[in-house]
Q: 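Please find one structure pasted underneath; my questions will follow.
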Amino acid sequence: FSSVEPSASPPHLPALPLIGSLLSLQSELQPHVLFKELQVKYGQTYSLMMGSHSVIVVNHHVHAKEVLLKKGKTFAGRPRTVTTDILTKDGKDIAFGDYSATWKFHRKIVHAALCMFGEGCASIEKTICAEAQSLCSVLSEAADVGLALDLSPELTRAVTNVICSLCFNSSYCRGDPEFENMLQYSQGIVDTVAKDSLVDIFPWLQIFPNADLRLLKHCVSMRDKLLQKKFDEHKVNYSDHVQRDLIDALLRAKRSAENNNTSEISAESVGLSDDHILMTVGDIFGAGVETTTTVLKWAITYLIHHPEVQRRIQDELDRTVGDSRSPKLTDRGSLPYLEATIRELLRIRPVAPLLIPHVALCDTSLGDFTVRKGTRVIINLWALHHDEKEWKNPERFDPGRFLNSEGTGLTIPSPSYLPFGAGLRVCLGEALAKMELFLFLSWILQRFTLTVPPGHDLPSLEGKFGVVLQPAKYKVNATIRPDWARHKCQAE
Ligand code: HEM
Ligand code: PLO
């Protein structure tokens with residue numbers, strides 16, 4: 001019998017000490033893996049306490065979609081936590097800000113701005129290609145002298161310059177101290193932020209290390225200085241007639257709300273204070289840098305482990321693009337294997353393995369379970385993407401899963417796949433990220449073959465859990481492909 005009225009609470013994990021010690025002692029099990037394992041004992045959806053907060057963990061796509069899509073609005077809240085409050089001046093941003101008119105309005109402006117400067121506009125393709133060119137010339141220099149490189153700084157600079165162009169209409173040269181400074185503070189933030197809401201089951205104060213909090217505060221103040229500087233520069237030469245980037249779009253919205261303060265969208269009511277604008281830009285800049293860079297690093301990691309995948313992408317590139325020109329966005333349709341590889345990367349190593357926690361905004365239900373207002377919901381995307389019932393041999397890296405049986409077109413073989421989330425809180429940068437991943441990877445693989453340097457071990461496939469799941473550092477050899485070397489010689 002299935003009950004008509006939801007009545008029961010989800011199975012509850014036993015009292016704190018046991019789980020607290022599970023999480024903190026069994027450090028070889030990272031939270032997303034542990035949450036997946038706990039299903040065996042407690043079922044796909046279970047609840048636990050994190051400090052004084054009641055949390056539901058969802059490990060199956062049916063309940064995940066009920067939270068994100070069917071009851072999207074009911075579950076569109078975000079928790080307030082000590083660390084995200086520090087990062088976002090008490091939730092004045094989009095990603096960690098609670099459901100509100102301000103959040104809605106900021107999402108709308110960002111969405112429109114990304115469409116205007118990004119997805120709907122040829123210039124973003126030009127920007128990405130210029131960065132790909134610069135990245136490839138650094139790889140080329142290293143390849144010429146047989147130097148093994150940690151690609152991370154160059155990948156990050158390429159990705160940063162794309163989002164810099166969209167947010168600030170600016171870019172960084174190699175070795176720019178402002179860029180180096182950004183790399184440093186951003187890693188500090190990734191290492192410390194949101195840990196209290198995702199990892200710790202004890203009240204954060206008891207075990208959250210103070211050193212982490214100090215580091216976070218230091219890094220956030222470095223970031224705030226950078227954002228404030230960009231903002232002040234924009235205010236000085238702002239004009240109603242030109243919109244150069246996201247900051248201009250937000251300034252314009254603020255101006256029009258101020259001129260309209262009799263109407264219902266006054267600057268006050270929609271939250272267009274300077275702090276709100278800074279925090280929204282901080283989100284887009286931060287997400288723009290850390291997410292795409294992380295996926296590119298995973299891509300290189302997996303390509304080194306799977307030379308056969310690399311070769312197949314290169315064959316596809318040779319057949320469709322050739323070596324007389326560089327790949328363009330319009331080639332996307334004719335490079336299904338590369339697209340399938342990107343999909344597989346986002347499955348096997350999701351950027352945000354637990355998304356960002358959601359919160360029930362009123363009393364509601366999830367399947368047959370009752371859910372009280374204020375309950376936090378963690379969607380374990382890792383469990384969805386590694387569900388053995390949905391994915392054959394889920395830890396195997398196999399882009400072919402995303403191809404149809406003829407190998408000519410793309411499919412999504414399981415409903416248990418949500419790399420960008422879904423519903424009201426769906427990722428705002430999905431289209432941009434996909435353009436970047438496609439162009440950067442196609443440019444690199446058209447020109448180079450990536451291998452592990454002689455004498456080095458293959459890089460680890462285990463990620464470091466945090467607000468994004470990051471791969472470890474490692475060096476690679478980029479070798480110029482024979483056809484490309486000939487092409488380069490002819491050009492010279
Ligand atoms: C939220 C994935 C790139 C901006 C999210 C969420 C996921 C995600 C899983 C959380 C959804 C939820 O909590 O339900 C990704 C992946 C990316 C990527 C896999 C790269 C491959 C980007 C980029 C940007 C961006 C490039 C900025 C341009 C955001 C924002 C949110 C978000 C602002 C918060 C949305 C909200 O809470 O309303 N993303 N993201 N993301 N993403 Fe992305
Ligand atoms: C990354 C470090 C930056 O310095 C600040 C920042 C802002 C927005 C965050 C991002 C960090 C990590 C990835 C997040 C993004 C908002 C949406 C995105 C959490 C912390 C994802 C994947 O959900």
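Ligands are counted one by one from 1 in listed order, and the atoms in each one are counted from 1 as well. Note that the structure is predicted; figures quoted are calculated from it, not measured. Along the sequence shown, the residues carry numbers beginning at 1. Only this structure's heavy atoms are used, side chains among them; waters, hydrogens and symmetry mates stay out.
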Q: With heavy atoms of V295 as the reference, note each atom of ligand 1 found under 4.0 Å away.
A: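 In order of numbering, the contacting atoms are 21 (C).
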
Q: Under a 4.0 Å heavy-atom limit, does V468 contact ligand 2 with its side chain, its backbone, both, or neither?
A: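 The answer is the side chain.
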
Q: Determine, for K297 against E290, whether the closest basic-nitrogen to carboxylate-oxygen distance falls under 4.0 angstrom.
A: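 Salt bridge flag = no for E290 with K297.
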
Q: For atom 6 (C) of ligand 2, find the nearest protein heavy atom and state the residue, atom name and distance (0.1 Å precision).
A: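 For this ligand atom, the closest protein heavy atom is G286 CA, 3.9 Å.
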
Q: Measure the distance from atom 8 (C) of ligand 2 to every protein heavy atom, then report the residue, atom name and distance (to 0.1 Å) of the closest one.
A: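 Here the nearest protein heavy atom works out to D283 O, 3.6 Å.
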
Q: List the closest protein heavy-atom neighbour of atom 2 (C) of ligand 1: residue, atom name, distance to the nearest 0.1 Å.
A: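 The closest heavy atom on the protein side is P419 O, 3.5 Å.
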
Q: Looking at R107, which atoms of ligand 1 are within less than 4.0 Å of one of its heavy atoms?
A: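 Answer, ordered by atom number: 35 (C), 36 (C), 38 (O).
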
Q: Answer yes if the side chains of Y474 and T301 hold a donor-acceptor pair under 3.5 Å, and no otherwise.
A: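 Short answer, yes.
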
Q: Under 4.0 Å between a side-chain nitrogen and a carboxylate oxygen: does that hold for D274 and K254?
A: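 Looking at D274 and K254, the cut-off is met.
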
Q: Does the pair K225/E178 count as a salt bridge with the N-to-O cut at 4.0 Å?
A: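 No, K225 and E178 are not salt-bridged.
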
Q: Look at ligand 1 and say whether F96 reaches it with a heavy atom at a distance under 4.0 Å.
A: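 In this structure, F96 fails to qualify as a contact of ligand 1 - no heavy atom is under 4.0 Å.
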
Q: Quick check for you: to the nearest 0.5 Å, what is the distance between K126 atom NZ and K328 atom NZ?
A: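 Answer for the NZ-NZ pair, K126 versus K328, is 13.0 Å.
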
Q: Verify the distance criterion only: is there a donor paired with an acceptor across the side chains of T84 and T81 at less than 3.5 Å?
A: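 Yes, because at least one side-chain N or O of T84 sits under 3.5 Å from a partner of the opposite role on T81.
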
Q: How about F75 and H358: are their ring centres within less than 6.0 Å of each other?
A: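 Aromatic pair excluded; centres sit 6.0 Å or further apart.
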
Q: Does the N or O separation between T292 and ligand 1 drop below 3.5 Å for any pair?
A: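 T292 vs ligand 1: no N/O contact under 3.5 Å.
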
Q: Quick one: which of I356, T84, I189 has a heavy atom closest to atom 23 (O) of ligand 2?
A: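 The residue whose heavy atom sits nearest atom 23 (O) of ligand 2 is I356.
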
Q: At a 4.0 Å cut-off, with the gap strictly under it, does some heavy atom of H358 reach an atom of ligand 1?
A: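 So H358 counts as touching ligand 1.
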
Q: Evaluate R78 for polar contact with ligand 1, using N/O atom pairs at a separation under 3.5 Å.
A: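 Between R78 and ligand 1, an N or O pair is found under 3.5 Å apart.
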
Q: Less than 4.0 angstrom from a charged side-chain N to a carboxylate O is my criterion; do R174 and E180 meet it?
A: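 No, no charged N to carboxylate O under 4.0 Å.
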
Q: With 2.8 Å as the limit, jot down which protein N, O or S atoms are around atom 43 (Fe) of ligand 1.
A: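 Near atom 43 (Fe) of ligand 1, below 2.8 Å, one finds C427 SG.
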
Q: Any luck finding a side-chain donor-acceptor pair between N380 and H60 under 3.5 Å?
A: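 Checked: N380/H60 side chains show no N/O donor-acceptor pair below 3.5 Å.
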
Q: Begin with the C-alpha distance, continue with both residues' side-chain angles, and end with the deciding distance and a verdict on salt bridge (charged side-chain N to carboxylate O under 4.0 Å, His left out) for R157 and D176.
A: CA-CA 10 Å; R157 195 173 64 91; D176 187 322; over 6 Å; no

Q: For S186, is at least one N or O under 3.5 Å away from an N or O on ligand 2?
A: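 For ligand 2, there is an N or O atom that lies under 3.5 Å from one belonging to S186.
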
Q: For atom 14 (C) of ligand 2, grab the closest protein heavy atom and report residue, atom and distance to one decimal in Å.
A: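 The protein heavy atom lying closest is A287 CB, 4.6 Å.
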
Q: Could you check whether any heavy atom of R223 sits closer than 4.0 Å to an atom of ligand 2, since that is the contact criterion I want to use?
A: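 Per 4.0 Å heavy-atom rule, R223 does not contact ligand 2.
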
Q: Could you tell me whether E430 and K434 make a salt bridge, using a distance below 4.0 angstrom between a side-chain N and a carboxylate O?
A: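 Salt bridge flag = yes for K434 with E430.
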
Q: Does the R347 side chain pair with the main chain of P394, one donor and one acceptor, at a distance under 3.5 Å?
A: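 Pair found, side chain donor or acceptor close to backbone of P394.
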
Q: State the atoms of ligand 2, each with its element, that fall below the 4.0 Å cut-off from a heavy-atom position in V190.
A: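 Every atom of ligand 2 under 4.0 Å from some heavy atom of V190: 1 (C), 2 (C).
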
Q: Within the structure, does at least one protein heavy atom fall under 4.0 Å of atom 16 (C) of ligand 2?
A: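 When distances to the protein are checked, atom 16 (C) of ligand 2 has a heavy atom within 4.0 Å.
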
Q: For atom 19 (C) of ligand 2, which protein heavy atom lies nearest, and how many Å away is it?
A: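 Minimum-distance protein heavy atom for atom 19 (C) of ligand 2 reads V467 CG2, 3.6 Å.
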
Q: Main chain of G463, side chain of Q30: is a donor-acceptor contact present, judged purely on distance under 3.5 Å?
A: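 Answer holds: yes.
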
Q: Quick one: does ligand 2 sit under 4.0 Å from the side chain of T291, the backbone, both or neither, non-hydrogen atoms only?
A: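 It is the side chain that gets close, since no backbone atom is under 4.0 Å.
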
Q: Closest non-hydrogen protein atom to atom 1 (C) of ligand 2, residue and atom name please, with distance?
A: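 Nearest protein contact, heavy atoms only, for atom 1 (C) of ligand 2 is E290 CG, 3.4 Å.
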
Q: Does a side-chain N-to-carboxylate-O contact under 4.0 Å join D98 and R80?
A: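 Answer for the salt bridge query: no.
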
Q: Would you call D387 and K389 a salt bridge, taking side-chain N to carboxylate O under 4.0 Å as the test?
A: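 Salt bridge between D387 and K389, a charged N being under 4.0 Å from a carboxylate O: no.
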
Q: Answer yes if the side chains of N161 and E131 hold a donor-acceptor pair under 3.5 Å, and no otherwise.
A: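 Note: N161 and E131 side chains meet the donor-acceptor criterion.
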
Q: Considering only heavy atoms, which of H106, R425, K104, E290 lies nearest to atom 11 (C) of ligand 1?
A: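 Comparing heavy atoms across H106, R425, K104, E290, the nearest one to atom 11 (C) of ligand 1 lies in R425.
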
